[in-house]
There are 2 protein chains.
Amino acid sequence: MSQKVRLETTSKSNRKVENKVDKPRIRLSQQVIVATASDLFARNGFGATSLDAIGEALGVTKGALYYHIKNKEEILKLIFMTVLTVSEEPLRQIAQAELPPAEKLRRAIAHHVAVAADRSPAMTIFYREDVHLTGPFAREIAARKKAYERLFEKIVEEGITLGVFHKEIDPKIATFGILGMCNWLSQWYRPGGTYTPQQIAAFFNQLASFGLALPDASSL
Amino acid sequence: MSQKVRLETTSKSNRKVENKVDKPRIRLSQQVIVATASDLFARNGFGATSLDAIGEALGVTKGALYYHIKNKEEILKLIFMTVLTVSEEPLRQIAQAELPPAEKLRRAIAHHVAVAADRSPAMTIFYREDVHLTGPFAREIAARKKAYERLFEKIVEEGITLGVFHKEIDPKIATFGILGMCNWLSQWYRPGGTYTPQQIAAFFNQLASFGLALPDASSL
DNA sequence: GGTTCTTTTGAACGAGTGGTAGAATTTTCC
DNA sequence: GGAAAATTCTACCACTCGTTCAAAAGAACC
């Protein structure tokens, strides 16, 4: 049939005499499958990424994948779980802490941006491929996603209640705005760019807290 | 699987009879195909939406679609073109107008939010399914998307140059933030919600221009 | 009614998919 | 070295999908 031509990596200790490829030869596991699949899903989409493609990226036939995973959807589920696991607890800590709302918001943005940047592929999948989840798991994810947003919203509400945030802006809309600002990272952020995630987070906090306009401008 | 819902073609000529219950029986055309496909693509994803499903939604076999469209990808292309067509020109007008940057920004946000709200399904597809575009068309879309962002960015730069916007925030990052805020609408906006697109746009402008924090707060 | 043009059908196709089973291979451990 | 366990490969299946096309059905016009 069609023989796939692969690039040969130059810097490998060839253990077997075969004109076969020498791939990274990493020990297969659920973890590495999910990691590799994340990259492919993020780049090409979940539906457009075949198990053959995942196997090939790992230097393995797709049959081998099934020893470590139940099926394709399980990979997707694990990616979603990873994002939630990494995201939820830190935000809960920040929300509960004894801090002024402005500081909470700053930390929440920093946290969210950090996750979005560190786990860029997973984050992309999290917000793009949720339509492929089905059944109770889909509902669980939706619920936890909403709970996460709610934590953000509470911080904004707290600021308004304490009189340090404008009360003209609806907390829900403000939350969606700020989260959208952060989540949009997955559309443009690339590691090694001009700014570090920390710097980006600082910019976003500046924007969300004080806006673009200079206070001494002509307007009120 | 599901049985085919039969149109009542058995009866006599029914040119003016509109009281059908089963299917809309709209005259097939490229336009209605694209419109229906947009809804399905937005809800279930491009890859997961079959031509059978589109045909069924229109009360027609998928073969009939091919009289009006070249192939599945063309539907996607048309959706992308629609979004750009509706978006580009108005923003260009705003960017070129003789207005203070703050007002330009306000109008740009209002415009973008309006498009995102009015064309919610198409907008969702525009930012989610771009991985399915291939060849020169993919590059063209990417270029025009970037050009659109650039117009936004110019407005911010102008504000900084004229000294009415903070110069601490990188214009590119600020633009990504604001656009992200708006584009995130596709994740949560539903027509008929609590706020109108105009109100949402006003909130977003408030946020982007002045931020959440009250100026007279303790901090600097 | 007859002719022509437009539109839809229905069936078929070929490629590609996720998934399975068992043989084959490699690793582990004694 | 060798048995047992762990892991991967090969071959295959059932199915779905996008696409094609000849034939049927409508519509329009005279």
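Each chain gets a letter, A, B and so on, in the order the sequences are listed, and its residues count up from 1. Note that the structure is a prediction, hence the values are computed from the model and not measured.
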Could you check how far [atom1] of [X] sits from [atom2] of [N], rounded to whole Å?
X	N	atom1	atom2	result
B:Leu51	D:dG18	CG	P	4 Å
B:Ile69	D:dT20	CD1	C1'	13 Å
A:Ile33	C:dG19	CD1	C1'	15 Å
B:His132	D:dC17	NE2	P	14 Å
B:Gln30	C:dT7	CD	P	13 Å
A:Ile54	C:dG19	CD1	C1'	13 Å
A:Leu58	D:dC9	CG	C1'	15 Å
A:Leu65	C:dT20	CG	C1'	14 Å

Side chain of [X] only, heavy atoms from C-beta on: which candidate in [options] is closest?
X	options	answer
A:Lys62	C:dT6, C:dG18, D:dT7	C:dG18
A:Asn71	D:dT8, C:dG19, D:dC17	C:dG19
A:Ala64	C:dT17, D:dT19, D:dT8	D:dT8
B:Tyr67	D:dA6, C:dT7, D:dC17	C:dT7

Problem - Six-ring centre of B:Tyr195, A:Lys172 cation under 6.0 angstrom, axis tolerance 45° - result: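 Not satisfied by the 6.0 Å and 45° rule.
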Looking at [X], does any N or O in its side chain come under 4.0 Å of the phosphate oxygens OP1/OP2 on [N]?
X	N	value
A:Arg27	C:dT27	no
B:Tyr66	D:dT19	yes
B:His68	C:dT8	yes

Practice task
From the options B:Arg92, B:Glu88, B:His112, select the one residue that forms a side chain to side chain donor-acceptor pair (under 3.5 Å) with B:Tyr148.
Solution key: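 Of all the options given, the one that passes is B:His112.
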Exercise for the section: Would you mind classifying the nucleic acid contact of B:Ser29 as base, sugar-phosphate or nothing, using non-hydrogen atoms under 4.0 angstrom? Expected result: nothing
Problem - Sugar-phosphate, base or nothing in reach of A:Thr61, heavy atoms under 4.0 Å - result: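 Touches a base.
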Handout entry: First encountered from the 5' end of DNA chain C, between A:Ala48 and A:Lys70
Key =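 The answer here is A:Ala48.
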Problem - Polar pair under 3.5 Å, donor/acceptor by atom type, side chain A:Lys72, base C:dG19 - result: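 Looking at the base of C:dG19, it does not pair with any donor or acceptor on the side chain of A:Lys72 (distance under 3.5 Å).
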Completion exercise
Closest non-hydrogen contact found for B:Arg144 with B:Leu84 is NE-CD1, 3.7 Å
Problem - Heavy atoms from other residues, nucleotides or ligands near CD of A:Gln31 exceed 12 (cutoff 6.0 Å) - result: no
Exercise for the section: Working to the nearest 0.5 Å, report the span between CG of A:Leu151 and CG of A:Leu91. Expected result: 5.0 Å
